[in-house]
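Residue numbers run from 1 in the order of the sequence given. Remember, predicted model here, so these are calculated numbers, not experimental data.
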Amino acid sequence: MAKNIAEQIVEMLEEANVKRIYAVTGDSLNHLNIAVKKSSIEWIHVRHEEAGAYAAAAEAELDGFAVCAGSCGPGHVHLINGVYEAHRSHVPMLVIASTIPSNEMGMDYFQETNTIKLFDDCSHYNQMITRPEQVQRTVQTAIQHAISKKGVAVIGLPGDVSELDAEEATTSNKIFKTNPVIRPSDEELSELATLINESRKVTIYCGIGAENANPEVVELSKHLKAPVGYSFRGKMAIQPNNPNEVGLTGLLGLPSAYHAMHEADLLLLLGTDFPYEKFMPVKNKIVQIDESPERLGRRAKLEMGLAGDVKETIKALLPLLQQKTDTNFLKQQLEFYEKVKENQLTYVKDPGTENSIQPEFVTYTLDKLAKKDAVFTVDTGMCCVWGARYITGTGARKMLGSFNHGSMANAMPMAIGASLAYPGREVIAMCGDGGLSMLLGDMATIFQYKLPVKIIVYNNRSLGMVKLEMEVGGMPDNETDMVNPDFAMIAHAMGYPGKNVHKPEEVESAIQECLDYNGPYLLNIFTNPNALALPPKIELDQVLGMTKSMAQLMLGGKMEEALDTVKSNFKHIKDIL
């Protein structure tokens with residue numbers, strides 16, 4: 001019996017080493033579903049397509065490629081947020097968007113969506129299969145685009161087409177994972193070396209593009225006596241085994257990295273497309289090196305912009321550099337960093353009170369107890385702040401989040417993908433109560449597939465980051481409070497243990513119990529709703545805005561809440577200043 005198009009696609013996915021497809025099945029996807037059932041690929045039945053796309057994005061980041069699917073109409077729309085996440089994070093992912101019957105297209109048919117228009121802004125490749133002779137070339141080209149361009153490729157597949165007999169094409173059906181060596185030209189390297197050799201104080205700042213260059217970055221920093229800062233996405237790779245690291249900067253960052261970048265004569269940006277222009281210095285010279293030249297110069301005024309892989313560029317550059325001997329600048333930055341780290345421990349030494357546990361203390365404890373090769377996923381918002389500041393890179397740990405797209409609710413579904421991709425690893429989802437509430441249903445997916453995911457809920461009963469944004473803007477927070485269900489009870493209803501933690505003295509034993517449990521576990525920790533995360537440089541307008549918002553709260557009759565917030569806010573401001 002001849003194979004159909006759905007079976008042909010699945011065979012190609014098997015050859016591309018695809019292990020699973022995340023999807024909610026439906027009529028237009030059913031032929032693909034049955035083809036998967038007969039293959040070595042596992043169909044992961046998520047409760048919501050958005051969760052499936054997030055899970056696939058996490059697997060793609062960890063394993064290099066992943067697949068999710070959605071059936072016609074609402075299934076496509078549900079995918080979009082997770083698809084944007086994968087594309088903006090530059091991870092290779094294939095989306096199979098099954099559609100209504102091809103003869104009904106353009107007729108306003110039930111559940112009709114235009115996949116070309118819908119996915120156009122979040123994909124490198126986006127095409128519809130309408131004929132059997134297209135299939136092999138389209139699938140091969142889609143996967144090649146996803147892997148080579150590091151992003152999303154979308155295949156539209158009408159349900160009626162998927163059941164047609166397959167045809168073999170004469171073009172290649174292999175996937176080519178190329179690994180070219182890219183570095184600046186000899187002339188560019190010589191010019192860069194001259195600039196570095198002439199600069200007395202050099203700071204290095206690394207992003208996720210330097211992920212595979214930790215030893216080279218460390219060697220360069222030692223050679224130049226240069227402090228090393230990093231972005232949030234770059235932290236897990238650049239912090240380990242790095243005696244000259246001074247933390248991260250940006251909205252979630254530390255004063256030490258900000259200071260080192262602004263005090264330098266020359267700033268080297270390596271593999272980073274750091275988005276926050278306000279945190280970039282404007283008075284010193286800046287050089288940016290990135291493998292994607294279209295990103296050069298769009299965040300800062302550059303002295304030089306060079307295209308190259310960070311690892312290969314440093315290896316070629318080092319022989320051209322004079323070894324610096326003056327350690328004063330580096331020593332000053334490292335001493336400042338030690339003071340910043342000591343200030344951070346303020347919120348660990350004072351762990352809070354009942355139902356107002358300091359989230360910094362929770363994360364510090366989690367960092368201490370988690371395995372050295374744990375995979376962390378963090379929800380957007382305050383969980384990102386605590387993860388950025390208190391989870392330590394070991395060289396084996398990973399941290400995943402919605403760092404570019406900035407979407408809520410990503411941590412729990414990303415943990416699903418991470419746990420499936422790395423079945424032997426400890427996977428910890430650091431969830432906000434707002435984020436977890438948004439995609440609560442896929443807690444059932446964790447139980448269905450017996451995934452040993454550990455869900456740590458930072459339950460501050462509010463949309464904490466939004467609340468802070470409103471206060472900084474001079475507005476009293478409005479409709480940011482959350483009346484939550486009992487998350488521990490929900491975990492029990494889903495089929496696995498859940499525990500509420502109300503007191504600081506319960507935190508360490510509860511986290512240890514959670515991590516030791518052989519299976520999924522939810523820990524619902526009642527954290528301080530007024531815990532504050534300010535950026536490394538505080539503008540006067542921000543202080544005035546917070547003062548204004550507190551005054552409005554007091555005038556509105558919320559005196560106690562305002563005083564608690566003021567006390568917390570000014571404690572944080574004092575420590576940063």
Main chain of [Y], side chain of [X]: is a donor-acceptor contact present, judged purely on distance under 3.5 Å?
X      : Y      : value
Ser28  : Ser71  : no
Glu14  : Ser40  : yes
Ser231 : Gly234 : yes
Ser89  : Ala86  : no
Thr394 : Ala396 : yes
Ser419 : Ile416 : no
Glu360 : Tyr347 : no
Asp433 : Arg461 : yes

When you compare the side chains of [X] and [Y], does any donor N or O come within less than 3.5 Å of an acceptor on the partner?
X      : Y      : value
Asn30  : Thr25  : yes
Thr249 : Tyr230 : no
Asn4   : Glu163 : no
Thr527 : Asn460 : no
Thr365 : Glu508 : no
Ser356 : Asn528 : yes

Check [Y] with [X], please: is the shortest side-chain N to carboxylate O separation under 4.0 Å?
X      : Y      : answer
Lys19  : Glu59  : no
Asp367 : Arg389 : no
Glu513 : Lys499 : yes
Lys398 : Glu61  : no

| task | Before giving the answer on salt bridge (charged side-chain N to carboxylate O under 4.0 Å, His left out), spell out for Lys3 and Glu11 the whole-Å C-alpha distance, their side-chain angles and the decisive distance to 0.1 Å. | result | CA-CA 10 Å; Lys3 62 186 172 188; Glu11 280 186 10; 2.8 Å; yes
Side chains of [X] and [Y] in contact at under 4.5 Å (non-hydrogen atoms):
X      : Y      : value
Leu157 : Thr99  : no
Asn404 : Glu85  : no
Val83  : Glu50  : no
Asn410 : Leu439 : no
Val154 : Leu118 : no
Val375 : Ile428 : no
His31  : Ser98  : no
Phe376 : Met236 : no

Heavy-atom closest contact ([X] atom, [Y] atom, distance):
X      : Y      : result
Ala531 : Met382 : O-CE, 3.4 Å
Phe447 : Gly495 : CE1-O, 3.2 Å
Glu49  : Gly75  : OE2-CA, 3.5 Å

| said: For Cys72 and Tyr109: C-alpha separation, side-chain torsions, deciding distance, then whether side-chain contact (heavy atoms from CB on, under 4.5 Å) applies. | reply: CA-CA 11 Å; Cys72 52; Tyr109 190 69; over 6 Å; no
| query | Taking the six-membered ring for Trp, is the centroid-to-centroid distance between Tyr364 and Tyr390 below 6.0 Å? | reply |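 No.
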| From CG (Leu13) to CD1 (Ile96), nearest 0.5 Å |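 Rounded to the nearest 0.5 Å, the CG-CD1 separation comes to 5.0 Å.
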| said: Testing Ile446, Thr377, Val453 one by one against Met412 for a side-chain contact (heavy atoms from CB on, under 4.5 Å), which residue passes? | reply: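 So, applying the side-chain contact (heavy atoms from CB on, under 4.5 Å) to Met412 and each of Ile446, Thr377, Val453, only Ile446 qualifies.
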| request: Please test Val161 against Ile5 for side-chain contact (heavy atoms from CB on, under 4.5 Å), starting from the C-alpha separation and ending with a verdict. | output: CA-CA 7 Å; Val161 173; Ile5 283 174; 3.8 Å; yes
| task | Mind running side chain to side chain donor-acceptor pair (under 3.5 Å) on Asn484 and Asn459 for me, showing each step along the way? | result | CA-CA 9 Å; Asn484 289 320; Asn459 189 348; 2.9 Å; yes
| said: Using the rule given for side chain to side chain donor-acceptor pair (under 3.5 Å), can you reason through Asp516 versus Gln512, listing the C-alpha separation, both sets of side-chain angles and the distance that settles it, and then say yes or no? | reply: CA-CA 6 Å; Asp516 287 345; Gln512 190 67 68; 3.1 Å; yes
| request: Take Glu15 and Ile175 through the side-chain contact (heavy atoms from CB on, under 4.5 Å) test and state the conclusion after the steps. | output: CA-CA 8 Å; Glu15 290 171 8; Ile175 306 304; over 6 Å; no
| query | salt bridge (Lys or Arg N to Asp or Glu O under 4.0 Å): which pairs involve residues 418-428, sequence neighbours left out? | reply |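 As it turns out, the salt bridge (Lys or Arg N to Asp or Glu O under 4.0 Å) pairs with a partner in residues 418-428, which skip direct neighbours, are Lys371-Glu426, Asp373-Arg425.
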| task | Just grab all the side-chain hydrogen bond (donor to acceptor under 3.5 Å, both in side chains) pairs involving residues 443-458, residues at least two apart or on different chains. | result |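 Checked against side-chain hydrogen bond (donor to acceptor under 3.5 Å, both in side chains) - neighbours excluded - the pairs reaching residues 443-458 are Arg47-Gln448, Thr363-Tyr458, Asp442-Thr445.
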| request: Keeping to residues at least two apart or across chains, list the ring pair (Phe, Tyr, Trp, His ring centres under 6.0 Å) pairs with something in residues 66-99. | output: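 Found His48-His78, Tyr84-His405, His87-His124.
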